[in-house]
*Asks:* 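So that we are looking at the same thing, I have put the structure below in structure tokens.
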Amino acid sequence: MLSEDAIRAIEGVIKRYSEKRGGLLPTFHIVQKDRGWISEEAIEEIARILDIPPIEVKEAVSFYTMFNTREVGKYHIQVCTNLSCSLLGGRHIVDYLERRLGVDVGKTREDKRFTLSEVECLGSCGTAPVMQINEDYYENLTEDKIDRIIGSLA
Amino acid sequence: MERYLTKNFTVPNSEVIKAYLNHGEGYKAMEKALKELSPEQIIEEIKRSGLRGRGGAGFPTGLKWSFMPRDNGRPKYICCNADESEPGTFKDRQIIENDPHQLIEGLIIGAYAMGVNTVYIYIRGEYASQAKILQKAIDEAYENGYLGKDILGTGFNVDIYIHRGGGAYICGEETGLMESIEGKKGQPRKKPPFPAGYGVWGYPTTINNLETFSHIPHIIKKGANWFKGIGTEKSTGNTLFGVSGHVKRPGVYELPFGVSLKEIIYEHAGGIRNDNELKGVIPGGSSTKILPANMVDVKMDHDSLMKAGSSIGTGAVIVMDHTTCMVRVGCVLSRFYRHESCGQCTQCREGTAWMHQIISRIERGEGEINDLDTLLDIASNMEGNTICALSDAGAWPIQGLLKHFRDEFEEHIKEKRCPLPDSFLV
Ligand SMILES: Cc1cc2nc3c(=O)[nH]c(=O)nc-3n(C[C@H](O)[C@H](O)[C@H](O)COP(=O)(O)O)c2cc1C
Ligand code: SF4
Ligand code: FES
């Protein structure tokens, strides 16, 4: 069930569009922030609020890579391996994180603390290599810097 | 050389409206536009300035604006393209973070010129903190009476809304972006009809890149002649070059069109890391064709790069030193286009996948010599006749690599391994 705050936020955001359906992407963001991911149940609920057939909500949610349709860890770590980052060791960053966290890329660690993903360009190419943890960017990465960042996570 | 887009980036708290107003010129161009100029005069001025879009295709902005119907009966929209997903590109973000009010001012002027009352800024979903900065700037503009109803007592109304994307390169394509605003999958539409006739929800819509709008207040303030005096005859004004890869000082540099690629790399970006030898440069973002080191004297403007067999794209300069394996570069880029193809067109869906498979095979040392002609065959089939330009964008980088670095591909095939032991990993 979506929280009341989430439902209120969705109802607010719909007003910006001449058709309710325009509120779909903002709604995905609201729900993901609220729940961490977008479940089948949430899809049904979104479909009801926005008057869209559930199948179309499902199609849309799976089109966009940022929306998690499976539960992810408390910290979702996404490493860029597009060109500017790869040139400066993006692949090495992925390998290092796999070892450091004990989780394979594309997977969530058993204790649900970390999910590790590889992503395309994050628009931070001038400060490569780069990763994103939940909504925050971490740039100019080195092994030391990663150790410090991981160490500081609650 | 005059900088205007980034001039105030180093002012403390430059993103706050107070800083924008304090330098004495903030929102003055908008005031001039709304109070002294007719919509037609503004569009004429932008046309005369020669301003071309900064989103990749370089279309003349004034001309695009003139396509919008003049009647005021139906809703009309502006979309500001802040999807910024072309690999290598990180310039629009600098404007948002450091001087968002020049963008907002440009959007208001554009809205007035085209008779638009609703503007959507489509910002890539990953830019969460940038969306917050931008929202704060928009709120400040409302508080100061620059947005909303009856702006500065002129009777003109405009609202700006931020729409966050969900992580899909294809939503940067103009009609994919519009589908996405409508709450659908971001799959590009067949054109015609063009957005000026049939845009968001079927209403007339103009879409421009975020940087494009940011030039507008400066042009209105200082005039088309001033703007035309910067850059080259056919590529006017300054532009933001984002430099990344193997340089000492990566970053965004505001420079006039026509500056040499060599100057960007060696003077502004500080030269190659460890003073290594330069091998190749992608001059305008991942979809533009690579240039080998002996071509760095090229001037960075639309015509010169076209003549050099590449294009200016988004001005995203990706620099590679002598350690770089060009087959690996091909692997990374072809994987990207394969991943981002929306799947509607066979040539694009199959072509990008096939290319990635073949190049990965070559990189592993399992390629065959006729693979290279197959790659070129696939690439030429991907060009033209698809719904959008992603298919072409996927073909060009591979064509560029094979044109200038074919011997390196052949070496991989003959030696059955990568001949560059110090290259970056894929
Ligand atoms: C696959 C694809 C991705 C694109 N991505 C972007 C983008 O991220 N940002 C952008 O401004 N334009 C992007 N464009 C270009 C837009 O379609 C459009 O031409 C541009 O926003 C127009 O603005 P301009 O005239 O100011 O350049 C993309 C085009 C294609 C084909
Ligand atoms: S060219 Fe590719 S990305 Fe563009 S519409 Fe066709 S399949 Fe989709
Ligand atoms: S290539 Fe990694 S952020 Fe752009």
Side-chain angles (χ1 to χ4, degrees), chain A residues 13-30 32-33 46 50 52 56-57 59-67 78 80-95 118-130 132 134-137 140, chain B residues 75 84-90 92-94 118 120 124-130 159 161 163-169 171 180-187 200-201 203 242-246 250-252 273 282 286 316 318-321 324 328-329 332-333 335-336 339-340 342 424-426:
Chain A
V13 89
I14 294 172
K15 299 201 184 89
R16 301 173 167 190
Y17 303 90
S18 64
E19 290 179 27
K20 251 187 182 177
R21 183 174 185 148
L24 188 60
L25 260 72
T27 297
F28 288 154
H29 282 292
I30 292 166
Q32 182 147 308
K33 187 140 198 164
I46 292 168
L50 295 181
I52 312 172
E56 289 182 29
V57 178
E59 271 178 18
V61 81
S62 58
F63 184 83
Y64 297 97
T65 53
M66 270 180 79
F67 303 123
Q78 309 189 62
C80 171
T81 52
N82 210 301
L83 189 54
S84 305
C85 285
S86 277
L87 287 171
L88 295 171
R91 171 60 45 202
H92 179 78
I93 301 290
V94 174
D95 293 345
E118 211 179 308
V119 288
E120 299 297 355
C121 178
L122 288 168
S124 249
C125 329
T127 41
V130 181
Q132 190 179 9
N134 299 342
E135 289 202 328
D136 299 319
Y137 277 34
N140 295 311
Chain B
E84 185 144 89
S85 313
E86 169 89 347
T89 315
F90 52 101
D92 296 338
R93 175 182 166 185
Q94 314 294 325
T118 307
Y120 292 111
R124 59 175 303 168
E126 294 86 348
Y127 282 179
S129 68
Q130 288 78 8
D159 288 304
Y161 301 118
H163 185 97
R164 288 179 64 202
Y169 171 65
C171 292
S180 183
I181 287 182
E182 293 180 13
K184 300 175 188 150
K185 292 187 282 187
Q187 290 183 321
V200 183
W201 287 296
Y203 295 114
V243 190
S244 65
H246 296 149
V252 166
R273 65 165 181 187
I282 293 177
S286 64
I318 308 173
V319 179
M320 291 161 260
D321 71 10
T324 311
R328 291 186 190 179
V329 171
V332 172
L333 295 178
R335 183 198 66 201
F336 172 71
H339 183 250
E340 302 298 335
C342 85
F424 74 94
L425 303 174
V426 285

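Reminder, nothing fancy here: chain letters follow the sequence lines and each chain counts from 1. All values reported here derive from a predicted model rather than from experimental measurement.
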*Asks:* Go through Gly183(B), Ser244(B), Gly166(B), Pro250(B) and name the one with the most non-hydrogen pairs under 4.5 angstrom from chain A.
*Replies:* Gly166(B)

*Asks:* Just so I understand: if I count every heavy-atom pair under 4.5 Å between each of Ala168(B), Gly88(B), Gly251(B), Gly245(B) and chain A, which residue has the most?
*Replies:* Gly88(B)

*Asks:* Which bit of Glu59(A) comes within less than 4.5 Å of chain B, counting heavy atoms only: side chain, backbone, both or neither?
*Replies:* both

*Asks:* Is Val200(B) in contact with chain A via its backbone, its side chain, both, or neither, using a 4.5 Å heavy-atom distance?
*Replies:* neither

*Asks:* Which heavy-atom pair separates Leu83(A) from Val332(B) by the least distance, and what is that distance?
*Replies:* N-CG1, 3.6 Å

*Asks:* Using heavy-atom distances under 4.5 Å, tell me whether Ile181(B) contacts chain A through its side chain, its backbone, both, or neither.
*Replies:* both

*Asks:* State, to 0.1 Å, how close Phe63(A) and Cys171(B) come at their nearest heavy-atom pair, and which atoms those are.
*Replies:* CE2-SG, 4.5 Å

*Asks:* How long is the straight-line distance from CG of Leu122(A) back to CZ of Arg124(B), given to the nearest 0.5 Å?
*Replies:* 6.0 Å

*Asks:* Decide yes or no for Glu126(B) and Val119(A): does some side-chain heavy atom of the first lie under 4.5 Å from some side-chain heavy atom of the second?
*Replies:* no

*Asks:* Given side chains that start at C-beta, do those of Tyr169(B) and Glu120(A) come closer than 4.5 Å, heavy atoms only?
*Replies:* no

*Asks:* Ring centres of Tyr120(B) and Tyr17(A) under 6.0 Å apart?
*Replies:* yes

*Asks:* What part of Arg93(B) is in contact with chain A, defined as an atom under 4.5 angstrom from a non-hydrogen atom: side chain, backbone, both or neither?
*Replies:* side chain

*Asks:* Over all heavy atoms of both residues, which pair between Gly22(A) and Trp201(B) is shortest? Give the atoms and the distance, please.
*Replies:* CA-CZ2, 4.0 Å

*Asks:* Among Arg164(B), Glu86(B), Glu182(B), Gln187(B), which has the most heavy-atom pairs under 4.5 Å with chain A?
*Replies:* Arg164(B)

*Asks:* Looking only at heavy atoms, what is the nearest atom pair of His163(B) and Leu25(A), with distance?
*Replies:* NE2-CB, 3.8 Å

*Asks:* Flag the one option from Gln132(A), Glu56(A), Arg21(A) with the top tally of heavy-atom pairs under 4.5 Å to chain B.
*Replies:* Arg21(A)

*Asks:* To the nearest 0.5 angstrom, please state how far the CD1 atom of Ile282(B) sits from the CG atom of Leu87(A).
*Replies:* 8.0 Å

*Asks:* Locate the shortest heavy-atom distance separating Thr89(B) from Cys125(A); write the atom from each residue and the value.
*Replies:* N-SG, 3.8 Å

*Asks:* Considering only heavy atoms and a distance below 4.5 Å, find which of Arg335(B), Met320(B), Glu84(B) pairs most often with chain A.
*Replies:* Arg335(B)

*Asks:* When you check the side-chain N and O atoms of Tyr137(A) and Ser129(B), is any donor under 3.5 Å from an acceptor?
*Replies:* no

*Asks:* So which of Ala316(B), Gly167(B), Ser180(B), Pro75(B) has the largest heavy-atom pair count under 4.5 angstrom toward chain A?
*Replies:* Gly167(B)

*Asks:* Inspect the surroundings of OH in Tyr161(B) and state if more than 12 heavy atoms from other residues, nucleotides or ligands are less than 6.0 Å away.
*Replies:* yes

*Asks:* Among side-chain atoms of Ser86(A) and Arg328(B), is any donor-acceptor pair under 3.5 angstrom?
*Replies:* no

*Asks:* Tell me if a side-chain donor or acceptor on His92(A) pairs with a main-chain N or O of Leu425(B) at a distance below 3.5 Å.
*Replies:* no

*Asks:* Going by heavy atoms in the side chains, are Cys121(A) and Phe336(B) under 4.5 Å from each other?
*Replies:* no

*Asks:* Counting N and O atoms only, with roles assigned by atom type, does the side chain of Tyr64(A) sit under 3.5 Å from a partner on the main chain of Gly125(B), one being a donor and the other an acceptor?
*Replies:* no

*Asks:* Quick check: closest heavy atoms across Arg273(B) and Leu88(A), and the distance to 0.1 Å?
*Replies:* NH1-CD2, 4.0 Å

